[in-house]
Amino acid sequence: MSSQTPAALLAALEDRDGRRSAWTGNEGDTLVPQHRQGGMGGRKSKHRLSNVVWLESEINGLIESDPGWQAEAVQRGIKIGGHDDPELVEVRHAVHGLVLLRDDGQVVSAWPAPVVWP
């Protein structure tokens with residue numbers, strides 16, 4: 001299975017975020033899709049809308065190669081663990097704020113935190 005991001009997913013990402021970076025909010029022609037829950041290979045669950053954000057190509061390279069940038073990406077929720085559910089991990093998104101991203105394209109505010117009743 002190919003690990004290339006499907007065209008339908010890219011279209012849904014553009015519908016959700018425009019063509020703006022989750023890190024800076026900037027628009028540009030150097031944006032690439034960043035899988036929050038990365039890893040090599042063609043894992044089918046990798047291609048979920050909740051798991052993908054736009055990043056500048058340079059920033060994408062830095063968070064993949066530099067430990068300091070990678071730590072910041074984890075702090076922002078741009079990078080998450082392999083066993084995390086992207087729909088349940090908050091992301092500090094330059095376009096949307098502190099949110100939860102959903103596979104159906106919804107962007108749910110995570111601030112103020114929702115009240116959970118026992």
For the residue pair E58 / T30, report whether a side-chain donor-acceptor contact shorter than 3.5 Å exists.
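The criterion, which ignores hydrogens and geometry beyond distance, is not satisfied for E58 and T30.
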
Any donor-acceptor N/O pair, [X] side chain to [Y] backbone, under 3.5 Å:
X	Y	answer
R92	G77	no
Q37	P86	no
D84	G81	yes
D17	R19	no
R20	G25	yes
R36	S50	yes
R76	V91	no

Same apolar cluster: L13 and V107, side chain cutoff 4.5 Å:
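Different hydrophobic clusters.
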
Linked, directly or transitively: W23 and V99 (ILVMFWY side chains, under 4.5 Å)
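Yes; V99 is reachable from W23 via cluster members.
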
Is it true that D104 and R48 make a salt bridge, defined as a side-chain N closer than 4.0 Å to a carboxylate O?
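Not counted as a salt bridge, because no side-chain N and carboxylate O are separated by less than 4.0 Å.
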
Between the side chains of E64 and K79, is the shortest nitrogen-to-carboxylate-oxygen separation below 4.0 Å, so that they form an ion pair?
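Judged by the 4.0 Å cut-off on N to carboxylate O distance, K79 and E64 do form a salt bridge.
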
Do [X] and [Y] come close enough that some side-chain heavy atom pair is under 4.5 Å?
X	Y	answer
L49	L101	no
P33	L10	yes
V52	Q34	no
L88	L100	no
R16	W54	no
L55	I63	yes

Could you walk me through whether S57 and L31 pass the side chain to side chain contact (heavy atoms under 4.5 Å, CB included) test, one step at a time?
CA-CA 6 Å; S57 179; L31 297 178; over 6 Å; no

Locate the shortest heavy-atom distance separating P67 from S65; write the atom from each residue and the value.
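The pair with the smallest heavy-atom distance is CD-O, 3.8 Å.
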
How long is the straight-line distance from CG of L98 back to CD of E90, given to the nearest 0.5 Å?
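Here the rounded value is 4.5 Å.
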
Point-to-point distance, once rounded to the nearest 0.5 Å, from CD of E56 to CG of D29:
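So the gap between those two atoms works out to 11.0 Å.
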
Run the side chain to side chain contact (heavy atoms under 4.5 Å, CB included) check on I80 and V74 step by step: do they pass?
CA-CA 6 Å; I80 63 174; V74 169; over 6 Å; no

